[in-house]
Amino acid sequence: DELISDLIVNRVTNITPGLERVTKVLDLLHNPQDKYQVIHIAGTNGKGSVASFLESGLVLAGYKVGKFTSPYIHKINECISLNQNLITDDELNLIYLKVKTILLNNQLYLSPFEFLTVIMFEYFKDNAIQWLVLECGMGGLLDSTNVVNSKYAIITNIGLEHTAFLGNSLHSIAIHKLGIIKAGMTIIGSQEAELLNNVPHDNYICIERDYNYSVNLDRDNLQTILTLDEQVFKIRMLGKFQAINFLCAYTVFKDLGISLDIIHQVAAKTNWQYRLQVISYDPIVILDATHNELGAHEIYKTLSQLYSRNEVVIVASILKDKAIDRIFQIFSQIATTIILTTIHNDRGLNSFALSKYANNKFDKIYLEDDPSQAFVLAKQLDKRVILVTGSLYLLSEINL
């Protein structure tokens with residue numbers, strides 16, 4: 001109970017951006033973050049997918065690999081994995097107590113995410129990993145993960161998010177994301193001008209600009225087909241945006257000399273939970289944890305090529321601090337029917353409150369406060385596709 005109360009990192013709490021607190025604690029631990037090579041990933045969307053591609057490829061290539069992602073869905077162990085195995089409760093408790101003792105003895109305080117970050121660095125030092133695939137928690141420049149001297153820095157894209165901490169302009173957000181860039185190779189997934197115009201050096205790779213590729217969606221197998229030069233990669237993860245994420249990882253693999261055979265295996269096998277994840281085919285059930293406009297637009301770009309609006313029903317709930325109206329506007333281009341439900345979270349809105357934003361956007365709107373019953377209702381509507389989306393919290397609550 002003590003550990004969980006100290007390490008609740010799924011809700012916004014005790015956030016004071018900056019590196020001073022983490023740096024002090026890591027110094028007392030003899031800087032475990034310097035004991036392995038690091039691939040650091042920032043971006044509004046796509047970080048988790050890029051991290052999964054990288055983890056898969058490095059493990060297949062024979063490296064000992066740590067991965068740090070957030071937030072978690074069901075339990076905090078999901079944030080820390082070693083060679084694709086989650087940290088155990090015993091391992092987590094052991095290092096938690098070690099760090100807690102240092103904090104108490106030195107009268108230091110960490111936020112929940114900072115605490116977890118320090119535990120992660122120490123755990124991977126203890127296990128003598130060779131590579132750390134490291135996802136930023138929020139932003140980049142002042143994020144507690146930004147204490148590493150990374151070999152690769154990857155920025156996937158930018159969109160308005162966490163504006164209270166990162167600023168309310170794309171320029172400000174770009175500066176935060178680009179803050180993870182160190183002396184190693186820089187890889188940019190997006191051609192967004194605010195990103196490219198502010199990269200601190202000219203020696204970087206921009207996926208959309210520097211690669212000659214094409215992407216198609218395989219409707220029958222629900223996968224993404226990437227053609228790069230004369231190579232065809234069949235990517236298990238659905239969505240054209242996943243081709244960009246894959247190419248970010250591909251750039252690292254090629255630089256490290258990882259074989260083409262392994263890279264093809266990475267494309268075919270890698271999955272990332274709740275990112276246009278297909279869990280059923282009759283009907284087709286797709287889960288996506290998107291919670292912002294950029295993510296909603298990516299869903300639209302993918303599903304609109306595969307299905308008509310009449311074929312899709314959306315089950316959704318969105319937190320009150322998100323751009324609900326604009327997200328629903330995009331959702332209305334995906335489906336004519338939506339079922340609104342309620343997340344049991346302080347930041348959630350009930351289905352009736354959400355309906356005020358959905359009115360006049362959909363042909364049919366259903367309200368069902370129980371997420372699992374909302375999914376039952378969706379199946380009863382006999383649509384070809386059920387899309388469950390709008391928040392990671394919804395996906396963690398719903399019984400599928």
Notebook entry, point to check: Does Lys301 have any salt bridge (charged side-chain N to carboxylate O under 4.0 Å, His left out) partners at least two apart in sequence or in another chain, and if so, which?
Noted result: Glu298

Margin query: Is it the case that atom NE2 in His30 sees more than 12 heavy atoms from other parts of the structure closer than 6.0 Å?
Written below: no

Considering only distance and modelled atom types, tabulate donor-acceptor pairs under 3.5 Å from the side chains of residues 130-141, sequence neighbours left out.
| residue | atom | partner | partner atom | Å |
| --- | --- | --- | --- | --- |
| Gln130 | OE1 | Lys64 | N | 2.7 |

Notebook entry, point to check: What do you reckon, is OH of Tyr300 surrounded by more than 12 foreign heavy atoms closer than 6.0 Å?
Noted result: no

Next item on the list: Examine Val199 and Met185 and state if one hydrophobic cluster contains both, with Ile, Leu, Val, Met, Phe, Trp and Tyr joined whenever side-chain heavy atoms are less than 4.5 Å apart.
Entry: no

Margin query: Test: ring-ring contact (aromatic ring centres under 6.0 Å, His included). Region: residues 36-57. Which pairs qualify, not counting sequence neighbours?
Written below: Phe53-Phe246

Next item on the list: For atom OH of Tyr213, decide whether the heavy atoms of other residues, nucleotides or ligands shown that lie under 6.0 angstrom number more than 12.
Entry: yes

Check: At what distance, to the nearest 0.5 angstrom, does CD1 of Ile175 lie from CD of Glu194?
Finding: 8.0 Å

Next item on the list: Determine, using the 4.5 Å side-chain heavy-atom cutoff (strictly less than), whether Tyr211 and Tyr152 are members of one ILVMFWY cluster.
Entry: yes

Note to self: Through direct or indirect side-chain contacts below 4.5 angstrom among Ile, Leu, Val, Met, Phe, Trp and Tyr, which residues connect to Leu86?
What the structure shows: none

Item checked: Within one Ile-Leu-Val-Met-Phe-Trp-Tyr cluster: Ile338 and Phe352, side-chain cutoff 4.5 Å -> yes

Item checked: Residues that Phe115 engages under ring-ring contact (aromatic ring centres under 6.0 Å, His included), provided they are two or more places apart -> Tyr96

Notebook entry, point to check: Restricting to pairs with a member in residues 277-290, which pass side-chain hydrogen bond (donor to acceptor under 3.5 Å, both in side chains), not counting sequence neighbours?
Noted result: none

Notebook entry, point to check: Is the distance between the ring centroids of Tyr274 and Tyr393 under 6.0 Å?
Noted result: no

